[in-house]
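Here the structure comes first, spelled out in structure tokens, and everything after it is commentary.
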Amino acid sequence: MLDIKFIRDNVEVVRKAAEVKGVDFDVDTTVALGDKVRQLQTEVDEGQRLRREIAEQFKGSDPAGREELRARAKANDEQLKANRAELESSRTELRELLLRAPNIPWSGAPVGDGEADNVVIRQWGTPREFDFTPLDHVDLLEKRGWADFERARKTAGDRAYALKTQAVLLERALHSLALDVLMEQDFELVSVPVLAQREALVGTGFLPGHADEIYFLERDNVFLAGTAEVGLVGMASNEVIDARQLPKQFAGISTCFRREVGSAGRDVRGLLRVHQFEKVEQFVICRNDVEESARWHARLLDTSETILRGLELPHQVVECSTGDMGLGKFRMNDINTWFPSLDTYRETHSCSTLHDWQARRAGIRYKDTDGVIHFAHTLNNTAVATPRLLAALVENHQQADGTVAVPAVLRPYLGGRAIL
RNA sequence: GGAGGGCUCGCAUAGUGGCCGAGUGCGGCGGUCUUGAAAACCGCUUCAGGUUUACCCCUGACGUGGGUUCGAAUCCCACGCCCUCCGCCA
């Protein structure tokens with residue numbers, strides 16, 4: 001969400017942002033509606049002032065005066081009621097528009113329509129040369145008895161999976177590693193609720209606009225969150241934080257649910273794209289300062305890269321283009337990890353800076369040392385998301401006999417074993 | 001699911017139709033005093049919208065929404081949430 005005042009003062013900047021992000025946003029209508037709301041607000045304020053004035057005169061008036069005051073109050077109330085109703089509907093309409101206002105993207109982001117325009121900005125490691133024919137993760141996991149897809153589908157339907165035996169431990173090891181790395185960096189560990197009310201999803205920016213991608217439990221009027229970010233934003237929402245408590249760093253761990261309707265038929269094999277997965281998410285609330293949030297962006301990205309280096313997984317960091325980054329992002333960097341079976345890098349992490357776009361929706365504010373209240377900046381990045389990363393791990397570290405070499409950083413979580 | 005109690009300024013509370021956007025205590029912030037600290041004393045201490053360079057000023061909010069009234073924290077209705085007990089349950 002953008003401030004209506006900002007839009008009013010930066011019409012062309014906003015228009016341009018909508019254009020490069022490929023989103024439909026009517027700047028002129030929004031500004032006009034904003035002016036209308038302002039006008040109505042002034043009228044309502046005046047009507048209410050008059051109402052008060054009449055009430056105050058009432059006590060000191062004689063019976064005839066009181067009759068007159070009653071009549072004046074009645075006439076004023078009718079006008080006031082009409083204005084109020086119009087103000088409320090206009091406000092609602094304005095908010096609907098503002099919720100679809102694009103954040104202004106970073107000037108360094110490649111301008112383009114989508115993923116194809118993303119640019120690789122750095123790379124770590126080189127894809128391994130196998131001296132045997134490597135299996136893809138599905139074959140490998142099934143060969144070892146580490147996953148059962150077919151039976152899982154009996155329960156959960158398409159894209160379902162069940163991890164078994166060593167894969168269960170390996171998945172937990174990945175999350176434990178992520179939590180430990182983040183804890184060392186003073187992130188507060190939070191296991192967040194995954195049931196989310198509509199407001200929490202509006203606050204994060206997933207609604208309106210991405211309703212199709214989110215599971216909704218109609219009977220209870222709740223959604224299933226697609227990321228711990230929802231829970232973390234929800235927990236911070238509508239609060240004023242003491243500036244001295246910033247930055248707030250959270251490591252949110254949760255199960256994540258995604259309908260994947262837009263990707264029907266894509267990545268249907270194995271663990272690449274599933275409806276339910278486990279993720280440790282980095283989330284930061286910091287001051288409304290573009291330099292500070294830029295530093296945090298770099299740091300969140302570095303933490304994920306560090307984890308991947310520790311896991312000895314070749315990966316690329318990508319600068320996402322304006323068309324790929326989404327409505328609310330200022331800047332987005334994906335990390336794509338090498339998948340031998342696909343002969344390509346696939347997204348395993350996504351690091352985003354939202355400036356105050358999200359904080360404004362969710363009402364995340366802080367009181368500065370001078371007493372002024374500001375909307376905060378928020379950022380998020382994946383630390384570890386399984387089973388996709390698990391699939392990359394077993395594919396990259398498989399050996400000819402079907403065993404999997406365990407990177408040194410994971411061994412402490414697996415009883416010291418070097419091979420599974 | 002059943003029964004009862006409750007929702008007021010960070011916390012605890014006062015306030016049953018105008019003198020209440022709201023008192024008191026605690027906490028927090030600033031100051032006086034002090035070598036420093038504590039104590040004591042003084043002052044400040046919710047958020048949002050409009051207007052404004054700023055100050056000021058105006059308006060709204062006592063869980064939410066409606067109603068009664070010239071006037072509602074206070075009366076009425078509906079809803080939400082919290083707590084306690086019973087039942088069920090990981």
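Proteins come first, then strands; the chains are lettered A, B, ... in the order of their sequence lines, and each starts at number 1.
- Under the Watson-Crick and G-U wobble criteria, each requiring two contacts below 3.5 Å, nucleotide B:U13 is paired to B:G23.
- Ring geometry for A:His374 versus A:Tyr366: interplanar angle of 30 to 60°, hence tilted.
- A close approach under 4.0 Å does not occur between any side-chain nitrogen or oxygen of A:Lys367 and OP1 or OP2 of B:G10.
- If you take atom P in B:A61 and the same atom in B:G66, they sit 11 Å apart, rounded to whole Å.
- Across all strands shown, B:C88 forms no Watson-Crick or G-U wobble pair with both distances under 3.5 Å.
- Annotation: B:C7 and B:G15 have their C1' atoms spaced 15 Å apart (nearest Å).
- Separating the C1' atom of B:U69 from that of B:C76 is a span of 12 Å, rounded to the nearest Å.
- One side chain, A:Gln41 or A:Asp45, offers a donor N or O that lies under 3.5 Å from an acceptor on the other.
- Between A:Asn333 and the options A:Ile121, A:Asn118, A:Val318, a side-chain contact (heavy atoms from CB on, under 4.5 Å) holds for only A:Ile121.
- Taking atom CD of residue A:Glu56 and atom C1' of nucleotide B:U69, one finds them 16 Å apart after rounding to whole Å.
- There is a side-chain donor-acceptor pair under 3.5 Å between A:His175 and A:Thr386.
- Separating the CG atom of A:Leu195 from the C1' atom of B:A90 is a distance of 15 Å, rounded to the nearest angstrom.
- Looking at which nucleotide of RNA chain B each of A:Ile4 and A:Glu46 is closest to, the 5′-most match is held by A:Ile4.
- Counting non-hydrogen atoms under 4.0 angstrom, A:Arg365 reaches the backbone sugars and phosphates but no base.
- For the pair A:Arg91 CZ and B:G50 C1', the computed distance is 10 Å after rounding to whole Å.
- In this entry B:G65 has B:C77 as its Watson-Crick or G-U wobble partner, both defining distances falling under 3.5 Å.
- Between the P atoms of B:G2 and B:C79, the separation comes to 13 Å (whole Å).
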- Message: Evaluate A:Lys248 against A:Leu246 for side chain to side chain contact (heavy atoms under 4.5 Å, CB included), listing each step before the verdict.
- Response: CA-CA 5 Å; A:Lys248 292 248 188 200; A:Leu246 293 178; 4.0 Å; yes
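- Distance from the side chain of A:Arg51 is smallest to B:G71 among B:C47, B:C70, B:G71.
- Nucleotide B:C44 forms a Watson-Crick or G-U wobble pair with B:G28, both donor-acceptor distances falling under 3.5 Å.
- Comparing B:A12 with B:G27, their P atoms are spaced 15 Å from each other, to the whole Å.
- Between A:Lys5 and B:G49 there is no side-chain N or O to OP1 or OP2 distance below 4.0 Å.
- Separating the P atom of B:G21 from that of B:U35 is a span of 46 Å, rounded to the nearest Å.
- Across all strands shown, A:Arg49 has heavy atoms under 4.0 Å from sugar-phosphate atoms exclusively, and none from any base.
- B:U53 makes up no base pair with any nucleotide shown, lacking Watson-Crick or G-U wobble contacts both under 3.5 Å.
- With both pairing distances under 3.5 Å, B:G36 is matched to nothing as a Watson-Crick or G-U wobble pair.
- Among the protein residues, A:Ile54 comes within range of the sugar-phosphate backbone only, with heavy atoms under 4.0 Å from sugar or phosphate atoms but none that close to a base.
- A side-chain donor from one of A:Gln282 and A:Ser304 sits under 3.5 Å from a side-chain acceptor of the other.
- Look at CD1 on A:Ile241: it is 17 Å from C1' on B:G28, rounded to the nearest Å.
- Taking the nucleotide of RNA chain B with the nearest heavy atom to each of A:Ile373 and A:Lys81, the more 5' of the two is matched to A:Ile373.
- Ranking B:G50, B:C70, B:G67 by closeness to the A:Arg38 side chain, first place goes to B:G50.
- The A:Phe58 side chain lies nearest to B:G18 when the options are B:G71, B:U59, B:G18.
- Taking atom P on both B:G5 and B:A90, the two are 32 Å apart, rounded to the nearest angstrom.
- Applying the Watson-Crick and G-U wobble criteria (two distances, each under 3.5 Å), B:G18 pairs with B:C70.
- Residue contacts for A:Asp77: at a heavy-atom cut-off of 4.0 Å it reaches the sugar-phosphate backbone alone, with no base atom in range.
- Per the geometry, CZ belonging to A:Arg84 stands 9 Å off C1' belonging to B:G60, to the nearest Å.
- Ranking B:C47, B:U59, B:G67 by closeness to the A:Gln48 side chain, first place goes to B:U59.
- The neighbour count for A:Arg198 CZ, taken as heavy atoms of other residues, nucleotides or ligands under 6.0 Å away, does not exceed 12.
- Side-chain contact check for A:Phe223 versus A:Val230: every heavy-atom pair is 4.5 Å or farther apart.
- To the nearest angstrom, P of B:G60 lies 16 Å from CD of A:Glu43.
- The separation between A:Leu40 atom CG and B:U51 atom C1' is 16 Å, rounded to whole Å.
- Between the CD atom of A:Gln57 and the C1' atom of B:C19 there is a distance of 18 Å, rounded to whole Å.
- Contacts of A:Arg52 with the nucleic acid, taken as non-hydrogen atoms under 4.0 Å apart, involve only primed sugar atoms and P, OP1 or OP2.
- Taking the C1' atoms as reference points, B:G10 lies 16 Å from B:C62, given to the whole Å.
- Counting atom types as modelled, A:Asp45 pairs no side-chain N or O with a base atom of B:G60 as donor and acceptor under 3.5 Å.
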